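Treat the numbers as computed from the prediction; the structure is a model and nothing was measured. Residue numbers start from 1 in every chain, and the chains themselves are labelled A, B, ... in the order their sequence lines are given, proteins ahead of strands.
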There are 2 protein chains.
Amino acid sequence: MSANSKQQIIEAAGIVFERFGFKKTTMDDIAYAAGKGKSSLYYYFKNKEEVFEAVVAHEAKQLVAEINKAINASHSAVDKLRSYVNIRMKRFVQRGNLATALNDNFLATFAFIEKIRNNYRDFEVEMIAGIISHGIDNKEFKPIDANFAGEAILTCMIGFEVPLLTKTHTTEESVKKINNVIDMFFYGICT
Amino acid sequence: MSANSKQQIIEAAGIVFERFGFKKTTMDDIAYAAGKGKSSLYYYFKNKEEVFEAVVAHEAKQLVAEINKAINASHSAVDKLRSYVNIRMKRFVQRGNLATALNDNFLATFAFIEKIRNNYRDFEVEMIAGIISHGIDNKEFKPIDANFAGEAILTCMIGFEVPLLTKTHTTEESVKKINNVIDMFFYGICT
DNA sequence: CTTTATTCGACGAATTTGTTCCAAATGTAC
DNA sequence: GTACATTTGGAACAAATTCGTCGAATAAAG
C-alpha cells in the first residue's frame with residue numbers, strides 16, 4: 001500500500017471533486033486525473049464515498065495546520081480567535097471540498113456526509129472553546145462556559161455562510177461584517 | 001411556442017453547461033434550472049445537442065453585438081482591429097460555452113461541435129477581413145489580400161489560446177503579449 | 001525463483017439519462 | 001360556458017453510463 005500512490009489519488013480526486021461535485025464525478029474521472037486505471041482505485045479505497053472522505057480529511061488537515069500556525073503566531077486570545085475566524089471564512093469562500101461537503105444541499109441526503117459534517121462541527125467547537133479557555137486563564141475573558149460560547153460563535157459563523165454563498169457581498173465586505181460580529185462578542189466577553 | 005420560455009431555457013442551460021460542460025449536464029439539470037419539467041424541454045428543442053447549439057448561438061450573438069459596438073466606436077482600422085482582438089480574448093479567458101465548445105477536447109469528437117467550430121471560424125475570418133478591407137480602402141493598410149490576412153491573424157489568436165488556458169499567464173499579461181503581436185502585424189501592414 | 005505488491009482490462013448489475021407518449025393543465029377566443 | 005390551441009409534466013422505456021468485482025498480468029522485493 002504505497003502512501004505515495006494513495007496521496008496522488010487523493011490530490012487528483014480533490015481537484016475533480018471540487019470542479020464537478022461528488023455526484024457528477026465518476027471513478028473514471030478520478031482515475032484519469034490520477035493517471036491510473038479505474039480498478040486501481042479500489043486497491044486503495046473501498047468505494048467512491050471513501051475517496052471523498054479521504055479528500056475531505058486531507059483538506060481538513062491542511063486547514064487545521066494553517067489555523068494552528070496562525071493561532072500560535074498570535075499571543076492574545078483575542079487575536080487567536082480573530083485569526084481563526086478570518087482563516088476559516090476565507091477558506092470557506094474559496095470553497096474546496098470540505099466547505100462543499102458541509103454545505104451542498106445536493107449531498108445533504110447522504111448519510112456519510114452527515115458524519116463528516118457532525119465530526120467536523122464537534123472539532124471546530126473544540127478549537128474555539130480551546131481558544132476561549134485560554135482567554136479565560138489569561139484573564140482576557142470572563143469565566144464563562146467555554147464550550148457553550150464556542151458553539152455560539154460557530155453557529156454565528158455558519159449563519160454568515162449563506163449570504164456568503166449568495167454572493168451579494170464581496171469577500172472583503174463579508175470579512176468586515178464578520179469581524180464586527182466578533183467585536184461584539186469581545187465587548188460582551190472581555191473583562 | 002413562447003419565445004419567452006425558450007429564452008428562459010437557453011439562459012438557464014447556459015449557466016449549467018458553463019458549470020458542468022456538455023456531457024455532465026443532464027436534461028434534468030437544465031429543466032430544474034429553468035424551473036420546468038424535463039419533458040417540457042422537448043417541446044422547444046429536439047434534443048440536448050440542439051439546446052447546446054441554441055446556447056452557443058445566443059452567446060455568439062451577444063459577443064458579436066459587443067464586438068460590433070466597439071468596432072463602430074473606433075474610427076481607424078487599427079483601433080477597430082485592436083478592439084476586436086481585445087474583446088475576443090477577454091471573452092475567451094472568462095470562458096462561456098462558445099469558448100468551451102471551440103476548445104474542449106472532451107467535445108472534440110462530437111460532429112455537431114465541429115459544425116459550430118467551423119461556422120464560427122469562417123465568421124471570424126470575415127469579421128477580421130472586413131476590418132482589414134476597410135483599412136485598405138482607408139489607405140491605412142497596404143493593398144494585401146484581406147481574407148488571407150484575416151486567416152493569419154485569427155490563427156495567431158487561436159495559437160494564443162493554449163497558453164491562456166494553462167494559466168501560466170495572467171489575463172493582463174496575455175493581453176499585453178497579444179497586443180505586441182498585433183503591433184507586429186501593424187508595422188508590417190501599415191503604409 | 002517465490003512471494004508480495006500493484007495495476008489494469010473486462011464484465012455484470014444497478015443506476016442514470018435521453019427521449020417519447022399521453023393526459024392533464026392552462027390560456028384564448030368566441 | 002364551449003372549443004380549440006398551447007404548454008406542462010408524470011410515467012415509461014431503451015440505451016448508455018457507472019460502480020464495484022474478479023482474475024490475470026506486470027513489477028518489486030526477498
Expressed in angstrom and rounded to an integer, what is the separation of [X] atom [atom1] from [N] atom [atom2]?
X       : N      : atom1 : atom2 : value
B:Lys46 : C:dT20 : NZ    : C1'   : 14 Å
B:Asn4  : D:dT6  : CG    : C1'   : 14 Å
B:Tyr43 : C:dT20 : OH    : P     : 15 Å
A:Phe22 : D:dC19 : CZ    : P     : 9 Å
A:Ile30 : D:dC19 : CD1   : P     : 8 Å
B:Phe20 : C:dT16 : CZ    : P     : 16 Å
A:Met27 : C:dT16 : CE    : P     : 16 Å
B:Leu41 : D:dT8  : CG    : C1'   : 11 Å

Between B:Arg19 and B:Asp29, does any side-chain N to carboxylate O distance fall below 4.0 Å?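 Not counted as a salt bridge, because no side-chain N and carboxylate O are separated by less than 4.0 Å.
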Please tabulate, for the side chains in residues 147-158 of chain B, all donor-acceptor contacts under 3.5 angstrom to protein atoms that are two or more places apart in sequence or on a different chain.
unit_1   : atom_1 : unit_2   : atom_2 : d
B:Glu151 : OE1    : B:Arg121 : NH2    : 3.3
B:Thr155 : OG1    : B:Arg121 : NH2    : 3.3
B:Thr155 : OG1    : B:Glu151 : O      : 2.7

Within a reach of under 6.0 Å around CG of B:Asn72, are more than 12 heavy atoms found that belong to other residues, nucleotides or ligands?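 Counting other residues, nucleotides and ligands, CG of B:Asn72 exceeds 12 neighbours.
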Once side-chain hydrogen bond (donor to acceptor under 3.5 Å, both in side chains) is applied, do any residues pair with A:Asn138, and if so which ones, sequence neighbours excluded?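 Only A:Glu140 meet the side-chain hydrogen bond (donor to acceptor under 3.5 Å, both in side chains) criterion with A:Asn138.
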Name all residues meeting the side-chain hydrogen bond (donor to acceptor under 3.5 Å, both in side chains) criterion together with A:Ser74; count only those two or more places apart in sequence or in a different chain, and write none if there are none.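 Per chain and number, A:Ser74 pairs via side-chain hydrogen bond (donor to acceptor under 3.5 Å, both in side chains) with A:Ser83.
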Does A:Lys80 reach the main-chain N or O of A:Ile131 with its side chain, forming a donor-acceptor pair under 3.5 Å?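 Between the backbone of A:Ile131 and the side chain of A:Lys80 there is no qualifying donor-acceptor contact (under 3.5 Å).
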Name the closest nucleotide to the A:Tyr42 side chain, picking from D:dT7, D:dT21, D:dT18.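 Side chain of A:Tyr42 sits closest to D:dT21.
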If you look at every strand shown and take non-hydrogen atoms under 4.0 Å, does B:Phe45 touch a base, only sugar-phosphate, or nothing?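 Answer is nothing: B:Phe45 stays at 4.0 Å or more from every strand.
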Got a sec, which residues hit ring pair (Phe, Tyr, Trp, His ring centres under 6.0 Å) with B:Tyr43, two or more places apart in sequence or on another chain?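 By the ring pair (Phe, Tyr, Trp, His ring centres under 6.0 Å) rule, B:Tyr43 matches no residue at all.
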Tell me which residues in residues 32-40 of chain A lie within less than 4.0 Å of DNA chain D, going by non-hydrogen atoms.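 Residues of residues 32-40 of chain A that come under 4.0 Å of DNA chain D are, in numerical order, A:Lys38, A:Ser39.
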One character per nucleotide, please: for nucleotides 24-30 of chain D, 5' to 3', B when the base has a protein heavy atom closer than 4.0 Å, S when only the sugar-phosphate does, - otherwise. -------
Do we see a donor-acceptor contact under 3.5 Å between the side chains of A:Tyr84 and A:Glu124?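 There is such a pair between these side chains.
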Can you find a side-chain donor-acceptor pair between A:Gln62 and A:Glu66 that sits under 3.5 Å?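 There is no such pair between these side chains.
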Quick one: is B:Ser5 getting a side-chain N or O under 4.0 Å of the D:dT8 phosphate, OP1 or OP2?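 Yes, because at least one side-chain N or O of B:Ser5 sits under 4.0 Å from OP1 or OP2 of D:dT8.
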